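Following: one structure in structure tokens, then a few remarks.
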Number of protein chains: 2
Amino acid sequence: MTPWIIDLVPDDPLSLTFAALADPTRRAILARLAEGEATVNELAEPFDMSVQAVSKHLKVLERAGLISRGRDAQWRPCRLETAPLDGASEWIRRYRDRWDDRFDRLDREIRRMRPGSDTDG
Amino acid sequence: MTPWIIDLVPDDPLSLTFAALADPTRRAILARLAEGEATVNELAEPFDMSVQAVSKHLKVLERAGLISRGRDAQWRPCRLETAPLDGASEWIRRYRDRWDDRFDRLDREIRRMRPGSDTDG
DNA sequence: CCTATATTCAACCTGTTGGTTGATAAACCG
DNA sequence: CGGTTTATCAACCAACAGGTTGAATATAGG
């Protein structure tokens, strides 16, 4: 009888991505990384918060696959990874389009129902 | 000396939107609403959770501007609102593009530095 | 008026988030 | 070797998120 049943997977990639993007500090970090690679200290500098806090944010971003990290002596350079962004963008696009399609269909329906006149003043 | 300073606005629209999208239950609700309007009970039915919990999720979605709600007798029909989705999509696009641009620039730089040969086997 | 239905409000509980400080590990440098 | 820099780990804490149950509100209808 239930038309559709939802199976909720915990910590799926989309949830990790959107959760990572939900924090303004992390978005600022990604914006900085879009300009090029950076170390933890470089990323932490403009924020009024400890380096450890930024390190935690980076761990969240890494778990979401939004950054990858190298090793250069005692530095851990971070680089932006765009694959999860594509996934998120794709999800948004799909449902927005489906919604728009629905309006288009409704619109066509209405036009069919009154094919003649009515300039709707 | 600090090249750029971040002012973190709490509860900005983008954070609200991404936070709303970070929960799989809420994404499922939005997916359902992309098919058309629905009441709270209709939305709650496929989930193994109380109607109150779904009502809370709807409040989060409403605060993020992702849904709007009408009044039809004792029902509160929900409808999808796509404007915040556009904002989120736009944010993603901007930083992904900037990153891609950076690679393009690097690529051009490299080509300029060795304009001759090298088929890179 | 009374009752049934739809929805929300309030209190509560538990796990997670986002920050702190202090200690630790790893790599350079003198 | 000892000291400095970079980054992480660990413990702690306040606030929030996401769920529960029970009570309250709003509307329709006999």
Side-chain angles (χ1 to χ4, degrees), chain A residues 6-30 32-33 37-64 66-79, chain B residues 1 5-30 32-33 37-64 66-79:
Chain A
I6 316 272
D7 59 327
L8 295 179
V9 180
D11 293 350
D12 58 300
L14 265 178
S15 296
L16 288 177
T17 304
F18 283 128
L21 295 179
D23 186 282
T25 302
R26 288 194 289 265
R27 286 201 307 277
I29 288 173
L30 293 179
R32 166 64 186 80
L33 289 177
E37 298 188 1
T39 68
V40 179
N41 272 298
E42 286 167 358
L43 291 171
E45 198 205 349
F47 296 102
D48 187 22
M49 100 184 38
S50 68
V51 181
Q52 289 95 319
V54 172
S55 182
K56 278 195 186 181
H57 281 301
L58 292 175
K59 206 160 63 176
V60 173
L61 291 170
E62 191 172 28
R63 194 162 117 78
L66 283 161
I67 66 171
S68 62
R69 331 181 62 171
R71 163 71 80 179
D72 177 12
Q74 67 265 53
W75 293 276
R76 303 292 313 275
C78 302
R79 100 163 29 175
Chain B
M1 190 52 95
I5 290 182
I6 316 272
D7 58 326
L8 295 179
V9 180
D11 293 350
D12 58 301
L14 265 179
S15 296
L16 289 176
T17 303
F18 283 129
L21 295 180
D23 187 282
T25 302
R26 288 194 288 264
R27 286 201 306 279
I29 288 173
L30 293 179
R32 165 65 185 82
L33 289 176
E37 297 187 1
T39 68
V40 180
N41 272 299
E42 287 167 356
L43 291 171
E45 198 206 347
F47 296 102
D48 186 21
M49 102 183 38
S50 68
V51 181
Q52 290 95 319
V54 172
S55 183
K56 278 196 187 180
H57 281 300
L58 293 174
K59 205 160 62 178
V60 173
L61 290 169
E62 191 173 29
R63 195 160 116 80
L66 283 162
I67 66 171
S68 63
R69 333 182 61 171
R71 165 70 82 179
D72 177 13
Q74 67 263 55
W75 293 275
R76 302 294 311 275
C78 302
R79 100 161 34 171

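Owing to the predicted nature of the structure, the values given are computational and were not obtained by experimental measurement. Chain A is the first sequence line, chain B the second, and so forth, proteins listed ahead of strands; every chain is numbered from 1.
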_Check against side chain to side chain contact (heavy atoms under 4.5 Å, CB included), B:L33 and B:L43_ = CA-CA 8 Å; B:L33 289 176; B:L43 291 171; 4.0 Å; yes
*Grab the two heavy atoms, one from B:R32 and one from B:A38, that are nearest each other, plus how far apart they are.*
NH2-CB, 3.5 Å
_Euclidean distance, atom CD of residue B:E45 to atom C1' of C:dA6 [Å, nearest integer]_ = 14 Å
_Quick check: on DNA chain D, is the nucleotide nearest B:A22 upstream (toward 5') of the one nearest A:T39, or the reverse? Name the residue that is more 5'._
A:T39
*Between B:R71 and A:V60, just flag the one whose closest nucleotide in DNA chain C comes earlier from the 5' side.*
B:R71
*asked:* Applying side chain to side chain contact (heavy atoms under 4.5 Å, CB included) to B:E37 and B:D72, what does each step give before you reach the verdict?
replied: CA-CA 12 Å; B:E37 297 187 1; B:D72 177 13; over 6 Å; no
*asked:* So does A:K59 get a backbone contact from the side chain of A:R69, meaning a donor-acceptor N/O pair under 3.5 Å?
replied: no
*Using side-chain contact (heavy atoms from CB on, under 4.5 Å) as the criterion, point out the one residue from B:L66, B:L16, B:D23 that pairs with B:L61.*
B:L66
*Do A:H57 and A:I67 come within less than 4.5 Å of each other through their side chains, counting heavy atoms only?*
no
*Find the distance B:K59:NZ to C:dA6:P and express it as a whole number of Å.*
21 Å
_Shortest side-chain distance from A:A53, nucleotide among C:dT20, C:dC9, D:dC9_ = C:dT20
*Can you measure from CZ (A:R63) to OG1 (A:T17) and round to the nearest 0.5 angstrom?*
11.0 Å
_Closest listed nucleotide, where the reference is the side chain of A:R69 and the choices are D:dA7, C:dC28, C:dT20_ = D:dA7
*B:N41 side-chain N/O to C:dT5 phosphate OP1/OP2 under 4.0 Å*: no
*Taking atom P of C:dT16 as reference, at what distance in whole Å does atom CG of A:D23 sit?*
18 Å
*Residue whose nearest DNA chain C nucleotide is more 5′ - B:P77 or A:D48*: B:P77
*Evaluate the criterion side chain to side chain contact (heavy atoms under 4.5 Å, CB included) for residue pair B:C78 and B:E62; output intermediate values, then yes/no.*
CA-CA 9 Å; B:C78 302; B:E62 191 173 29; over 6 Å; no
*CD of B:E42 versus C1' of C:dT5: gap in Å, rounded?*
13 Å
*If you check every side-chain atom of A:S50, which of C:dT7, C:dT20, D:dT27 has the closest atom?*
C:dT20
_Whether A:S55 contacts D:dT8 is assessed here as follows: a side-chain N or O lying under 4.0 Å from the phosphate OP1 or OP2. Is that the case?_
yes
_End axis versus end axis in the helix from C:dC1-D:dG30 to C:dG30-D:dC1, the angle rounded to 10°, five pairs used at each terminus_ = 10°
_Let's see if you can work this out: which of D:dG19, D:dA7, C:dT8 has an atom nearest to the side-chain heavy atoms of B:K56?_
D:dG19
*Round to a whole Å and report the spacing from CG of A:L21 to P of C:dG18.*
12 Å
*From the list D:dT20, D:dA7, C:dA6, which nucleotide is the closest neighbour of the side chain of B:W75?*
C:dA6
*So does B:Q52 reach the base of D:dG22 with its side chain, donor to acceptor, closer than 3.5 Å?*
yes
*When the distance from NE2 of A:H57 to P of C:dT20 is rounded to whole Å, what number comes out?*
9 Å
*Could you state the CZ-P distance from B:R63 to C:dT8, rounded to the nearest angstrom?*
16 Å
*asked:* As a test of reading the structure: which of D:dG19, D:dT6, C:dG19 is closest to the side chain of A:Q74, going by heavy atoms?
replied: D:dT6
*Measure from the side chain of B:M49, starting at C-beta and using heavy atoms only, and say which of C:dT7, D:dT20, D:dG18 lies closest.*
D:dT20
*Take atom CG of A:D72 and atom P of C:dA27, then tell me their distance rounded to the nearest Å.*
12 Å
